[in-house]
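Below, chains carry the letters A, B, ... as their sequence lines are ordered, and counting in each starts from 1. Please read all numbers here as calculations on a predicted model, not as lab measurements.
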Amino acid sequence: MKIVVAVKRVVDYNVKIRVKADQTGIELAGIKMSMNPFDEIAVEEALRIKEAGKAKEVIAVSVGPAQAQETIRTALAMGADRGILVKAEGEVEPLGVAKILKGVVEAEQPQLVILGKQAIDNDCNQTGQMLAELLGWPQGTFASKVELGAGEVKVVREVDGGLETVELKLPAVVTSDLRLNEPRYASLPNIMSARKKPIAEKTPADFGVDTTPRLKVLKVSEPPKRQAGVKVASVAELVDKLKNEAKVI
Amino acid sequence: MAALVLVEHDNKSLKDATLVTVTAAKALGGDVDVLVVGSSCQAVADAASQIAGVRKVLLVDDAANEHPLAETLSGILVKLAGGYDAVLAPATTTGKNVMPRVAARLDVAQISDITAVISPDTFERPIYAGNAIATVQSSDAKKVITVRGTAFDKAAASGGSAAIEKVDGAGNPGLSKFIGQELSKSERPELTSAKIIVSGGRGMGSGENFKLIEAVADKLNAAVGASRAAVDAGFVPNDYQVGQTGKIVAPQLYIAVGISGAIQHLAGMKDSKVIVAINKDEEAPIFQVADYGLVADLFKALPELAEAL
């Protein structure tokens with residue numbers, strides 16, 4: 001069976017972002033970009049399933065600008081077999097990405113699609129669920145454990161109260177949470193060999209998808225800043241301040 | 001103009017996140033109905049009918065819905081959505097799980113985790129872990145929205161007298177089933193509704209050492225939280241995590257102990273009214289957002305604090 005993994009090119013998680021002075025967005029010029037951390041976890045999980053002999057092929061798909069090819073190369077260097085880049089300039093919203101991924105799934109016929117639970121740029125947390133609905137598939141979101149059986153997959157999910165386990169009929173969509181696994185680093189030989197792995201190029205039109213945004217971003221602004229307060233010298237002073245100044249205890 | 005709010009509950013009581021979502025729904029300017037999906041959950045429907053400003057409670061009470069699955073819940077919401085201009089849910093793991101399915105089926109963009117309603121079609125939502133705020137305008141006829149639990153006041157839980165109307169479910173498409181759950185049991189308040197939270201980070205060193213945090217929490221009737229580092233290290237379970245991808249909290253008092261203050265942790269707690277940081281590293285970024293900072297060894301400071309309270 002095949003596994004499709006969706007990967008997104010985002011601002012590296014270590015970068016402290018800056019809002020553009022004209023409030024039209026985030027300053028992206030000269031900023032380091034990387035694979036969305038949740039997607040790295042998704043790739044790792046797909047590779048582990050393949051290495052356990054339960055899948056034959058892992059296909060990494062990215063929707064984004066030409067440079068998203070680098071993100072796919074990262075997945076290939078980790079061990080994915082081939083890539084599909086769906087070239088789209090500008091912002092493609094989760095619904096548009098889900099529609100494109102649906103087209104990819106219909107062409108590739110995987111039994112499992114794994115995605116990060118959210119991208120750390122727009123923090124939407126939508127694409128996996130939307131894809132599952134569009135395909136009429138079940139979903140296991142926020143996964144911290146995935147056990148693949150013959151015709152089903154058991155997913156342990158991180159929920160507000162603790163953990164929940166669901167069983168999904170295959171084919172299914174899984175989205176990864178932080179503790180599903182620790183992604184591997186690509187070794188130098190693997191980075192070299194990844195250069196030879198194929199990446200097919202497509203466009204949203206190939207899948208008949210209109211990616212015109214439904215949401216118009218009117219402005220992007222800085223959040224209100226918190227002022228650093230005071231240092232206290234002792235626990236006694238702290239308790240005094242909390243009782244008599246802040247009046248919160 | 002009318003909005004439908006998905007009620008967050010555990011079949012016994014209604015969660016505060018519901019009241020916050022009702023406030024956001026009211027800000028859209030029309031009538032607000034609420035939907036309770038569960039099993040033997042009449043008490044929840046009764047509580048929902050008391051919420052001030054709610055017009056009608058829709059109730060799907062069915063043994064199959066004791067632990068509603070996204071596939072089932074989305075079917076119900078899509079079926080009812082026809083009668084509404086907006087469908088809202090709290091941005092809890094339940095809301096985040098189901099609402100994108102609803103949006104996809106309705107072919108609309110979801111507006112995730114809103115923190116303000118500017119007008120019925122324009123909203124504010126945090127992006128980049130709350131390091132920027134986007135103001136977005138939706139061009140879709142129907143809005144599908146999740147609401148950040150700390151961003152709006154709670155609607156009054158009493159004063160309303162909405163009628164309760166039973167409606168049929170949508171059936172389980174048979175694609176998925178609930179197997180089990182492991183919920184953390186605690187006598188302490190829940191993280192997302194606690195007035196005071198004491199959180200520990202990597203500096204705690206072990207799960208055993210969280211007893212020092214618990215001793216302080218018990219004195220303050222506080223909830224216990226943790227940073228991602230402490231959860232990843234296995235000190236405490238996942239549901240303790242405060243941060244961008246964990247729980248978003250905004251208590252009256254947040255005490256961060258042995259937490260350096262990574263961006264992703266700050267994203268989950270920086271709207272707290274008063275922040276206290278206890279850390280032995282005086283350069284730790286957490287001090288830049290703390291109202292009161294104590295540079296100290298937490299293993300000395302925590303027992304002293306428990307003693308002093």
Choice from [options] maximising heavy atom contacts with chain B below 4.5 Å:
options: A/R157, A/Q126, A/K169; answer: A/Q126
options: A/V166, A/T175, A/D123; answer: A/D123
options: A/V159, A/V155, A/V156; answer: A/V159
options: A/R18, A/E222, A/E167, A/E182; answer: A/E167
options: A/V19, A/V10, A/I120; answer: A/I120

Using non-hydrogen atoms only, which part of [X] is less than 4.5 Å away from chain A: side chain, backbone, both, or neither?
X: B/L69; result: side chain
X: B/Q241; result: side chain
X: B/I263; result: side chain
X: B/D121; result: neither
X: B/I118; result: neither
X: B/N131; result: both
X: B/L294; result: both
X: B/L183; result: both
X: B/S138; result: both
X: B/K273; result: both
X: B/V276; result: side chain
X: B/K270; result: both
X: B/A301; result: both
X: B/T122; result: side chain

Quick check on the structure: residues of residues 91-102 of chain A within a heavy-atom distance below 4.5 Å of chain B, by number.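 Residues in range: A/E93, A/L95, A/K99.
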Give me the contact list for residues 230-249 of chain A versus chain B, heavy atoms only, anything under 4.5 Å, ordered by residue number.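 Expected list: A/V230, A/K231, A/V232, A/A233, A/S234, A/V235, A/L238, A/V239, A/K241, A/L242, A/K243, A/E245, A/A246, A/V248, A/I249.
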Can you tell which part of [X] gets under 4.5 Å to a heavy atom of chain B, answering side chain, backbone, both or neither?
X: A/V11; result: side chain
X: A/F38; result: side chain
X: A/Q118; result: side chain
X: A/I17; result: side chain

May I ask you to decide if [Y]'s main-chain N or O and [X]'s side chain share a donor-acceptor pair within less than 3.5 Å?
X: A/R214; Y: B/D140; result: no
X: B/T93; Y: A/D160; result: yes
X: B/S176; Y: A/L168; result: no
X: A/R226; Y: B/D291; result: no
X: A/Q129; Y: B/K96; result: yes
X: A/K117; Y: B/T245; result: yes
X: B/E71; Y: A/Q139; result: yes

Partners meeting ring pair (Phe, Tyr, Trp, His ring centres under 6.0 Å) with A/F207 (sequence neighbours left out):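 Ring pair (Phe, Tyr, Trp, His ring centres under 6.0 Å) list for A/F207, sorted by chain: empty.
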Nearest 0.5 angstrom please: A/K154 NZ to B/K177 NZ, how far?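 Rounded to the nearest 0.5 Å, the NZ-NZ separation comes to 9.0 Å.
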Could you state the interatomic distance from CZ (A/R179) to CG (B/N238), rounded to the nearest 0.5 Å?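 Going from CZ on A/R179 over to CG on B/N238, the span is 5.5 Å.
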Partners passing side chain to side chain contact (heavy atoms under 4.5 Å, CB included) against A/S34 (at least two apart in sequence or in another chain):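 Here the qualifying residues are A/D12, A/K32.
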